[in-house]
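Read through the structure below, which is laid out as C-alpha cells, and then see the notes.
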Amino acid sequence: MKIAPLALAALTLTCTCTCAGANAAALSPTEQAIVAQARANAPQALQLLERSVNINSGTMNLDGVRAVGRLYRYELEQLGFATRWIDMPPAMGRAGHLIATRDGNQGSGAKGKRLLLRGHLDTVFEPGSQVPLWQRDGDRVRGQGVNDMKGGDVVIIEALRALQRAGALDGAAITVLLTGDEEDAGEPIAVSRADMVAAARRSDIALAFEGTVRNQEGRDTGTIGRRSSSSWELEVKGKQGHSSGIFSENAGYGAVYETARILDGFRQQVIEPDLTFSAGMMVGGTDVAVAPGGIEGTASGKTNVIAKSASVRGDLRYLSFEQRDRAHAKMRAIVAQNLPGTSASIVFHDAYPPMSPTAGNVALLKVYSQASSDAGLGEIPALPPGQRGAGDIQFIAPMLDSLDGLGVAGNGAHSPDEDLEIASVERATIRTALLIYRLTR
C-alpha cells in the first residue's frame, strides 16, 4: 500500500507544527524520553555490534549467518517480537532469513502506518578473509561488515529498544526482516525474496538500513532512489577470410570491427543522466567461447585471418523502467545497423529492479529529516539516486513508499578498509526511533 504524497506531507506538517525548532526542545516529552534512552544505551549498542561483527557471516558461511541471526533474534524477542527463522531450500546454498513481528493497533487505522524494517545478516567477507573481524581505533571501528550492514542491524534493534524503554512501542505494527543472502542472493530470486515481498504486502512503508552516504558537505543523507542491476550479452558474427581482403564488399569488416562500432555507438548515443552501461568482458577472434556465468572466456585467431566471432558481457543500470526501455530500444537499434559482412544480436537480463525516487519517497525523507532536525542532529538531504547501487529494498520499492540509507556512517564497504564512525550509531538510532514513533502514531 502506498502512502499518498499529500498524506505524508500532512504528516510532515503535523510534525513541524508540534515540534517547531531545530533542537531537542522541539521534541514532545515522550520523544525526549526516547532520545534519552537511545543515548543511555549507546555503550551497550556498541557492545552488541562488536559481538555480531566478531562472528564471521560471509554469505556462504551458513553457520555464521545463522549465528548472527540467533544473536539478533534473542534481542528482538526481549522487545516483545514474535520471531521465526525461514530456511531456504538446501539446493540454494543459503542460510535463510530472520523475521520478527509485533502486531499493534496503531497500524490498523488511518494514522498509524505498518512498517517493514529491513537489514541483512551476511557480509562479503567469507571465512579465511584477512580483514579483521573487529579493530577499534579511537572513535572509529574497522572490521567485517561494520557498516555493511551490521551497524544498520544494530540501529534497528536499538531504536526499537529505545522506544520500548520509553513506553512508546506498544501499539506499533512493525515487521523486521533480516535476510541472510543480500550480498549474493540465492537463486531463484522468486524463492529467496518471496518472504520479503509477502512482508511488504502487509506493510505501508519500508525502511532499510544500509549505511548512510555522506554528501560533499559531510552531511548524512537519505536514499530515495537506487539504480537497478541488470546485464546484457552481445554476440557478433563476421565472415572468416584472408585479412588482406578486409573492408571489401566480399569479405566485409569482421566481427571485431563490428563489435567496436556497436560499443562506440552505445558510448555516443545511449548516454543520459543516471544511466550507465559497461562492457565488462569481451573476447573476439576466429573462435570464441564464454564460460557459464559469463565471467571468463577464451578466443583464438591469427593476425592474417578476419575475425569470425566476438562476444561481450556487460552491465546496465537505470533508475526507472521507462529509462530501461529507452536504453534497450537505442541499444537494439545500434546493434541492428551492421557493417557489411557482419551480423549481431543482443539480449538483456534484469536482476534488481530500480527503486525510483517517487513523490512518496521524497515525502518520507522529509519526515525523517524533520525528526533529525528536531533532535538537534541537522537536516537530512537526499542522496542523488544515481550515486547508489543496487540493494534488497529494490525488490519491494515498487510496492510501497520506501527509504534507505538509514544506517551508520562509514567508509570502504566491501573492502579491507571497511569502517564506521562510532558516534553515527547513536545518531542513526535516535533518528530512526523518532521516525518510527511518528509514523506509527
Side-chain angles (χ1 to χ4, degrees), residues 1 48 51-52 55-104 107 114-124 126-127 145 148-157 159-160 172-210 351-353 355 390-400 402 404 406-407 436:
M1 180 187 301
L48 176 60
R51 290 171 60 198
S52 65
I55 303 171
N56 175 277
S57 59
T59 308
M60 303 307 168
N61 181 4
L62 307 191
D63 289 340
V65 173
R66 293 186 184 110
V68 176
R70 286 193 297 272
L71 175 64
Y72 293 153
R73 184 176 190 172
Y74 172 82
E75 298 294 334
L76 289 164
E77 288 176 348
Q78 301 310 299
L79 299 174
F81 283 79
T83 69
R84 63 188 176 97
W85 183 260
I86 304 169
D87 284 311
M88 293 293 102
M92 289 177 59
R94 298 298 186 274
H97 314 312
L98 173 64
I99 190 166
T101 56
R102 185 172 173 126
D103 297 326
R114 300 168 299 171
L115 305 186
L116 172 58
L117 312 183
R118 203 211 64 76
H120 63 84
L121 306 166
D122 63 320
T123 77
V124 299
E126 299 295 337
D148 187 15
M149 69 169 299
K150 292 179 179 178
D153 297 334
V154 168
V155 167
I156 294 173
I157 292 169
L160 295 172
I174 298 172
T175 298
V176 179
L177 179 61
L178 306 179
T179 56
D181 62 347
E182 195 273 350
E183 300 294 0
D184 191 353
E187 296 285 353
I189 292 293
V191 174
S192 64
R193 295 299 174 265
D195 297 287
M196 182 184 301
V197 170
R201 290 191 177 123
R202 299 190 299 268
S203 304
D204 301 308
I205 292 173
L207 305 176
F209 290 80
E210 296 280 2
Y352 283 66
M355 174 185 176
D392 259 356
I393 195 171
Q394 291 165 233
F395 291 110
I396 57 175
M399 302 170 57
L400 71 178
S402 307
D404 203 345
L406 306 187
I436 291 172

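In terms of modelled atom types and a separation under 3.5 Å, the side chain of R118 and the main chain of A206 share no donor-acceptor contact. Between the side chain of D153 and the main chain of G119, no donor-acceptor pair closer than 3.5 Å is present. Remark: side-chain polar atoms of H120 are not paired, donor with acceptor, to backbone N or O of L178 under 3.5 angstrom.
Between A199 and T175 the shortest heavy-atom distance is CB-CG2, 4.3 Å. Scanning all heavy atoms of the two residues, the minimum distance from V68 to S52 falls at CG2-O, 4.0 Å. In terms of heavy-atom proximity, D181 sits nearest to S192 at OD2-CB, 3.8 Å. Of all heavy-atom pairs between W85 and G96, the closest is CZ2-C, 3.6 Å.
Counting heavy atoms from C-beta outward, S57 and L121 have side chains that stay 4.5 Å or more apart. Put simply, the side chain of H97 does not reach to within 4.5 Å of the side chain of M196, judged on heavy atoms. Within the 4.5 Å cutoff, side-chain heavy atoms of I436 are placed close to those of L115. Taking 4.5 Å as the limit, every side-chain heavy atom of R201 sits out of range of all side-chain heavy atoms of L116.
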Are I86 and I99 close enough, and set up right, to give a side chain to side chain contact (heavy atoms under 4.5 Å, CB included), and what steps lead you there? CA-CA 7 Å; I86 304 169; I99 190 166; 3.8 Å; yes

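With sequence neighbours left out, the side chain to side chain contact (heavy atoms under 4.5 Å, CB included) criterion links E126 to T59, M60, N61. Looking at residues two or more places apart in sequence or on another chain, you find a side chain to side chain contact (heavy atoms under 4.5 Å, CB included) between L76 and F81, T83, L98, A100, I157, L160, V176. The side chain to side chain contact (heavy atoms under 4.5 Å, CB included) search around A67 returns I55, R70, not counting sequence neighbours. Legend: residues meeting side chain to side chain contact (heavy atoms under 4.5 Å, CB included) with E187, ordered by chain and number and at least two apart, are I189.
Summarising the geometry, atom CD belonging to E182 is positioned 8.0 Å from atom CE belonging to M149; distances are rounded to the nearest 0.5 Å. Rounded to the nearest 0.5 angstrom, R114 CZ and R202 CZ are separated by 9.5 Å. Rounding to the nearest 0.5 Å places CG of N56 at 6.0 Å from OG1 of T123. In this structure, T101 OG1 and L177 CG are separated by 11.0 Å, a value rounded to the nearest 0.5 Å. Atoms CZ and CG, from F209 and D404 in turn, are 9.0 Å apart once rounded to the nearest 0.5 Å.
With no hydrogens or angles considered, a side-chain donor-acceptor pair links T179 and D392 at under 3.5 Å.
Counting only residues at least two apart or on different chains, the salt bridge (Lys or Arg N to Asp or Glu O under 4.0 Å) pairs with a member in residues 81-95 are R94-D184.
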Report, one line per pair, each donor and acceptor closer than 3.5 Å where one atom sits in a side chain of residues 393-400; sequence neighbours left out.
| unit_1 | atom_1 | unit_2 | atom_2 | d |
| --- | --- | --- | --- | --- |
| Q394 | OE1 | G391 | N | 2.7 |
| Q394 | NE2 | R227 | O | 2.9 |
| Q394 | NE2 | P353 | O | 2.6 |

